[in-house]
Every structure is written in structure tokens, then in C-alpha cells.
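Every chain is numbered from 1, with letters handed out A, B, ... down the list of sequences.
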There are 2 protein chains.
Amino acid sequence: MQTTTDAEFSTALRDAGLKATAPRRSVLRVLETHQHADAAAIFEAVRPDLPDTSLQAVYGVLAALTDVGLVRRIEPAGSPALYERRIGDNHHHVVCTQCGAVHDVDCVIGEAPCLTPSNTAGFSIETADVTFWGVCPDCQAASA
Amino acid sequence: MQTTTDAEFSTALRDAGLKATAPRRSVLRVLETHQHADAAAIFEAVRPDLPDTSLQAVYGVLAALTDVGLVRRIEPAGSPALYERRIGDNHHHVVCTQCGAVHDVDCVIGEAPCLTPSNTAGFSIETADVTFWGVCPDCQAASA
DNA sequence: TCATTTGTTTTGACTGAGTCAAAAGAACCG
DNA sequence: CGGTTCTTTTGACTCAGTCAAAACAAATGA
């Protein structure tokens with residue numbers, strides 16, 4: 001159980017130029033325990049706290065937090081967008097092709113892997129997404 | 001202008017275990033010239049040839065072709081699925097963050113880059129998607 | 001502390017992309 | 001050429017997300 005206080009969340013929000021509101025604090029708190037959650041899951045997790053919150057509000061909060069860089073949005077092919085709070089360390093993700101589970105994967109080689117394509121077709125490259133696809137330990141066990 | 005014949009497309013389809021039908025040949029032909037096209041664009045390109053074809057048929061054809069490996073499906077975050085016929089060489093893609101243009105990028109280093117994550121969290125890794133994000137030459141020129 | 005301004009959240013309608021199922025039709029096999 | 005199997009068509013439907021306007025709350029400064 002991590003114990004970031006409401007005051008700390010509020011400070012983080014204000015430092016990012018956002019107003020500190022209950023829905024935003026609540027979403028940040030949910031993201032401490034729910035890694036790689038989609039908007040619907042975050043909404044469900046927030047609801048006990050804030051029963052009057054709507055899914056659309058969660059979308060709005062997530063868009064605001066993503067804009068200022070407090071959360072990161074990932075969109076694996078075939079699933080809805082997922083959000084995570086671990087940011088700034090350029091890590092990647094591995095997705096289970098059977099159950100859809102997502103885990104973090106540290107950088108492949110060195111600090112900024114795969115950021116040096118051989119031919120860039122004239123593009124100025126800014127970032128790279130890397131998504132690994134495989135089978136998670138649970139699904140491996142289930143099929144054995 | 002590439003000149004794959006209908007007979008050649010038919011053979012390729014049958015070799016893959018599919019029946020050789022007009023919509024499938026037509027989609028394959030469209031993919032020769034339209035790299036990285038989405039289902040709607042393919043549908044439009046196919047329509048002059050086959051006026052009675054529906055978008056749903058195109059979805060069906062693309063799903064069948066993807067299943068047997070004749071085309072590859074990519075899903076950059078924020079755009080609909082794109083399809084391409086260049087397969088089997090493990091290349092990646094660079095997407096323009098401004099206009100959405102997609103170009104191929106050859107493997108970063110060696111033949112199968114980024115396929116060796118440092119910690120796999122117990123997953124058995126099968127493939128890796130790499131998507132680069134940047135600004136294409138046209139958009140660079142437009143903003144200068 | 002209160003009023004004002006500005007930024008958020010709520011509400012509800014709407015869109016885009018894609019899936020699903022059943023019926024009609026076309027390819028392949030002998 | 002006939003029969004079986006695979007495809008395509010048609011149409012309804014779902015899911016994820018966006019958009020706009022009105023109601024509301026947080027920060028600012030008097």
C-alpha cells in the first residue's frame with residue numbers, strides 16, 4: 001500500500017499547471033495500484049470514492065494528465081488505451097497475446113533503444129514505441 | 001507500375017489455402033500501389049473495379065489475408081488499422097505526428113532488433129512491434 | 001473571507017471503426 | 001456438371017472515444 005497523500009497529489013497537479021480536484025487526485029491514486037488500466041477500469045475503481053463521477057469525466061481527467069505528462073498513455077493493437085503512472089524512464093511493454101495482460105519491460109539495450117533507425121525516410125524522429133508480444137506465465141501454465 | 005497478373009494472385013491465394021475470388025485479388029492489387037492503407041481507403045480503391053463490394057467484405061477479405069500471412073496489419077496508436085503487403089522482412093514503421101503519414105523503416109540493427117528485452121517478466125516473447133514517431137519531410141517544410 | 005475569473009466536470013448526444021450472424025452466392029472437387 | 005464448402009453480402013449491433021453546452025469548483029486578489 002503506497003501512501004501518497006492527497007496534499008502531495010495536489011502539489012503535483014499544481015506544479016504541472018492543473019487545478020487540484022478530487023477526480024484528478026482519485027485517478028492518480030488508482031493508478032498507483034492499477035498499472036496499465038483502461039479508462040473503464042479506472043472509472044470503476046474511482047467510483048466507490050466519487051459515486052457521482054462519470055466515465056466521460058475520467059476520459060477528461062486522463063486527457064489532462066496525459067497532456068501535462070503526469071501519466072502515460074499506451075495503445076496496444078487490439079485493446080483500448082491503457083494508462084500508467086510510471087513515466088520518464090522510457091520503458092516498454094509486453095502484452096500477452098492470449099489474455100491481454102500487460103507488463104513493463106525495461107529498456108532493451110542501454111537507455112534509449114531502437115531510437116536509431118537505419119533509414120528515416122527524411123522524418124525527424126522524436127520517440128519510439130516498442131511493444132513485445134508473447135504469452136504470459138499464467139497462460140503458459142494454463143495451456144500445459 | 002507493377003504487373004502481377006490475376007493468375008499470379010490466384011495462385012498465391014490458393015497456395016495460402018484460400019479460394020481465389022475477385023474481391024481478394026482486387027484487394028491484393030490495391031495493396032501493391034497503396035502502401036499502409038486503411039480498410040476504408042482500400043474499399044474506395046476497390047470500388048471502381050467491383051462496384052457491388054461492401055466495406056464489410058473488405059474487412060472480411062483483409063482478415064482472411066492477414067490470417068494466412070499474405071498481408072500484415074499494423075495499428076499505430078490513434079489511427080485505424082493499416083494494411084501492407086510487404087511482409088516477412090521484419091521492418092518497422094515511422095508515423096508522422098502531424099499528418100499521420102506512415103513510411104517503412106528497415107530494421108534498426110541487424111535482422112531482428114529489439115527482440116531481446118532485458119527482463120521478460122516470465123513471458124515467452126514471440127514478436128516485437130516498433131513504431132517511431134516524428135515529423136515527415138512535408139510537415140517539416142510546411143512549418144518552416 | 002468573499003467575489004470573480006478561469007478551468008473542470010457533468011450530461012447527453014453523437015461518430016468512427018469494427019464485429020457478428022444469417023442468408024445468398026461463388027469456387028473448387030470429383 | 002452437381003454438390004459441398006468457403007465467401008460475400010446485408011444489416012444490425014457494440015465498443016471506445018469525441019464534442020459541445022451548461023453546471024460547478026478551484027484559484028486569485030480585493
Side-chain angles (χ1 to χ4, degrees), chain A residues 6-28 30 36-44 46-47 49-68 70-71 73-83 100 102, chain B residues 6-28 30 36-44 46-47 49-68 70-71 73-83 100 102:
Chain A
D6 275 1
E8 287 166 340
F9 281 135
S10 295
T11 304
L13 285 164
R14 275 191 221 98
D15 286 353
L18 295 175
K19 287 188 177 170
T21 66
R24 288 177 177 168
R25 282 191 295 270
S26 205
V27 165
L28 285 175
V30 164
H36 313 123
D38 63 17
I42 293 169
F43 172 54
E44 288 305 324
V46 159
R47 198 128 67 134
D49 245 17
L50 302 169
D52 291 341
T53 296
S54 66
L55 178 56
Q56 286 76 354
V58 171
Y59 276 116
V61 167
L62 288 170
L65 296 179
T66 305
D67 274 356
V68 299
L70 282 178
V71 310
R73 172 188 179 125
I74 62 172
E75 298 182 44
S79 13
L82 306 176
Y83 298 86
V102 178
Chain B
D6 275 1
E8 286 165 341
F9 281 136
S10 297
T11 304
L13 285 164
R14 276 191 220 97
D15 286 353
L18 295 175
K19 287 188 176 170
T21 67
R24 289 178 177 167
R25 281 190 295 270
S26 206
V27 165
L28 286 175
V30 164
H36 313 123
D38 62 18
I42 293 168
F43 172 54
E44 287 305 324
V46 159
R47 198 127 66 135
D49 246 16
L50 302 169
D52 292 341
T53 296
S54 65
L55 179 56
Q56 285 76 355
V58 171
Y59 277 116
V61 167
L62 288 170
L65 296 179
T66 304
D67 273 356
V68 299
L70 281 178
V71 310
R73 172 188 180 127
I74 62 173
E75 298 183 44
S79 13
L82 306 176
Y83 298 85
V102 178

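Rounded to whole Å, the distance from CG on B:L50 to P on C:dG25 is 17 Å. Spacing between atom CG of A:L65 and atom P of C:dT8 amounts to 10 Å, rounded to whole angstrom units. If you take CG of A:L62 and C1' of D:dT18, they are 14 Å apart, rounded to a whole angstrom.
Note on A:R24: every side-chain N or O is 4.0 Å or more away from OP1 and OP2 of D:dA26.
Where the helix from C:dT1-D:dA30 to C:dG30-D:dC1 starts and where it ends, the local axes point in directions that differ by 40°; five pairs per end, rounded to 10°.
A:R24 and A:K19 get closest at one heavy-atom pair: NH1-O, 3.0 Å. Pairing each heavy atom of A:F43 with each of A:L55, the nearest pair is CE1-N, 3.5 Å.
Near-neighbour residues of DNA chain C inside residues 7-23 of chain A, defined by a heavy atom below 4.0 Å, number-ordered: A:L18, A:K19, A:T21, A:P23.
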Side-chain donor-acceptor pairs under 3.5 Å in residues 73-81 of chain A, sequence neighbours left out?
residue: A:R73; atom: NE; partner: A:E75; partner atom: OE2; Å: 3.0
residue: A:R73; atom: NH1; partner: A:Y83; partner atom: OH; Å: 3.1
residue: A:E75; atom: OE1; partner: B:G78; partner atom: N; Å: 3.2
residue: A:S79; atom: OG; partner: A:P76; partner atom: O; Å: 3.4

Expected list for residues 57-68 of chain A: side-chain donor-acceptor pairs under 3.5 angstrom, two or more places apart:
residue: A:T66; atom: OG1; partner: A:L62; partner atom: O; Å: 2.6

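Applying the salt bridge (charged side-chain N to carboxylate O under 4.0 Å, His left out) rule to A:E8 yields no partners; only residues at least two apart in sequence or on another chain are considered. By the salt bridge (charged side-chain N to carboxylate O under 4.0 Å, His left out) test, B:D6 is found to be paired with B:R29, residues two or more places apart in sequence or in another chain being considered. With sequence neighbours left out, A:A20 forms a side chain to side chain contact (heavy atoms under 4.5 Å, CB included) with A:S10, A:L13, A:R14, A:R25. Partners of B:E44 by side-chain hydrogen bond (donor to acceptor under 3.5 Å, both in side chains), not counting sequence neighbours, listed by chain and number: B:R47. Scored by the side-chain hydrogen bond (donor to acceptor under 3.5 Å, both in side chains) test, A:D49 finds A:S26 as partners (sequence neighbours excluded). With sequence neighbours left out, A:T21 forms a side-chain hydrogen bond (donor to acceptor under 3.5 Å, both in side chains) with no residue at all.
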Inset, instruction - Can you check each nucleotide of nucleotides 11-18 of chain C against protein heavy atoms at under 4.0 Å and return B for base, S for sugar-phosphate only, - for none, in 5' to 3' order? - result: BBB---SB
